[in-house]
Amino acid sequence: MIPFVNLSAQYKAYKEEIDAAIFSVLESGTLIGGPEVQNFENILCKSTGVSEAISCASGTSALTLALAALGLEPGDEVIVPDFTFVATADAVALLGGIPRFADIGLDFLISPSSVEERISSKTVGIIAVDLFGQCANYKALQAIAQKHGLWILEDAAQSIGATQNGKGAGSLSTIAATSFYPTKPFGAYGDAGAILTSDKALAAQVRMYASHGRNPEDHYQTIGTNSRLDALQAAILNVKHAHFAEELLRRQKNAATYSALFSAIPGFEIPKISEGNTSIYAQYAVTCKDREAVLPKLSKANVPTRIYYNSPLSAEPCFARFEKTKEDARSNTNAYRLSKEVFCLPVDAFTDVQALAQTIKNVLLP
Ligand SMILES: *Cc1c(COP(=O)(O)O)cnc(C)c1O
């Protein structure tokens with residue numbers, strides 16, 4: 001069986017370096033924090049273009065810490081895209097906030113005009129998600145945020161390594177949260193995440209919340225939590241980072257192979273990458289009205305597929321308790337349609353996409 005993300009092949013390719021890094025951490029006795037974690041945070045700053053990187057336990061935790069640092073209060077409304085991983089909206093609700101669901105465009109990214117329609121007197125901010133590896137439309141979002149006095153939190157869990165007009169994902173708004181979950185394009189061997197910002201005061205707030213609310217005077221100023229990256233994960237990420245640029249080129253080449261193929265098959269839409277953007281193709285997502293008929297055929301031919309996401313968040317039971325969810329859902333026509341038409345194909349650097357593309361061609365163009 002062909003894996004959807006070939007992490008075993010990746011490990012085999014870097015095994016010597018990764019094993020050495022792991023054993024060196026074990027021998028050092030420094031298992032939380034320490035030089036590997038510091039080194040990793042430095043790498044994140046340098047590669048994304050921010051001045052502060054705070055590593056933490058996961059992407060979900062990074063989103064929650066960023067929202068806490070931004071001062072989210074119970075009852076505050078935060079506008080999120082209706083088509084994303086559940087964590088984006090969960091983090092808002094976990095702190096007592098109210099997620100408001102905006103529609104997406106045909107590029108799968110949060111629609112600025114829909115964001116504007118969701119603004120109320122309770123709105124404090126926007127979470128923009130760089131879905132499937134491409135940055136959201138920050139120029140339009142910044143204009144809206146400025147006009148209404150809102151902050152923007154960039155959910156860069158799927159976009160580390162992407163750029164927009166030459167600027168790195170993670171540096172496109174006041175603060176960003178990202179994830180190094182193993183199957184992300186830049187992933188650890190367990191849970192890991194980070195918050196990125198160039199605002200020193202905000203970074204200090206994040207560090208406080210991530211460390212039990214402890215202030216620089218060593219007192220517990222607020223209720224915080226424990227969210228930190230362990231040295232083993234940092235060491236693994238440091239090794240993988242050295243290979244990441246090369247992997248990205250292979251991912252992009254794989255995506256181009258699929259795009260050439262699906263452009264030639266009637267009924268399929270390839271991903272739309274906006275001008276000024278480079279995508280890291282965290283997912284290669286195709287749109288097809290006939291998805292329910294196509295997927296079984298691909299499965300029979302041993303082509304792995306995944307559906308991200310099979311439902312807009314506004315249709316999930318956990319968000320039904322918010323009064324405005326139903327109302328938001330009514331106008332999110334793209335999110336509802338695309339959740340029934342999108343599917344994803346393996347695109348990582350260790351998958352033979354040439355071979356998969358040939359199989360797909362044989363199946364869909366007999
Ligand atoms: C993966 C992901 C997260 C959550 O990251 P975890 O590390 O799994 O907690 C949040 N938002 C988006 C868009 C993601 O893809």
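When a ligand or atom number is given, it counts from 1 through the structure's own listing order. Just so you know, these numbers use all the heavy atoms, side chains as well, and skip hydrogens, waters and symmetry mates. Throughout, numbering of the chain's residues begins at 1 and tracks the sequence.
Ion pairing of E77 with R100 is present here, as a side-chain N (NZ or NE/NH1/NH2) and a carboxylate O approach within less than 4.0 Å. A salt bridge links R207 to E52: one of the charged nitrogens lies within less than 4.0 Å of a carboxylate oxygen. Salt bridge annotation for E269-K272: present, with a cationic side-chain nitrogen under 4.0 angstrom from a carboxylate oxygen.
The environment of CD1 in I223 is sparse: at most 12 heavy-atom neighbours from other residues, nucleotides or ligands sit within 6.0 Å.
For Y308 and F132, the gap between ring centers reaches or exceeds 6.0 Å.
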Anything under 3.5 Å between an N or O on ligand 1 and a protein N or O? List each pair with its distance, or write none.
unit_1, atom_1, unit_2, atom_2, d
ligand 1, 5 (O), S179, OG, 3.3
ligand 1, 7 (O), G59, N, 2.8
ligand 1, 7 (O), S179, OG, 2.7
ligand 1, 9 (O), G59, N, 3.4
ligand 1, 9 (O), T60, N, 2.8
ligand 1, 9 (O), T60, OG1, 2.5
ligand 1, 11 (N), D155, OD1, 3.4
ligand 1, 11 (N), D155, OD2, 2.8
ligand 1, 15 (O), Q158, NE2, 2.8
ligand 1, 15 (O), K184, NZ, 2.7

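Counting side-chain heavy-atom gaps under 4.5 Å among Ile, Leu, Val, Met, Phe, Trp and Tyr, the cluster of I22 also holds Y11, Y14, I18, F23, V25, L26, L31, Y189, L232, I236, V239, F350.
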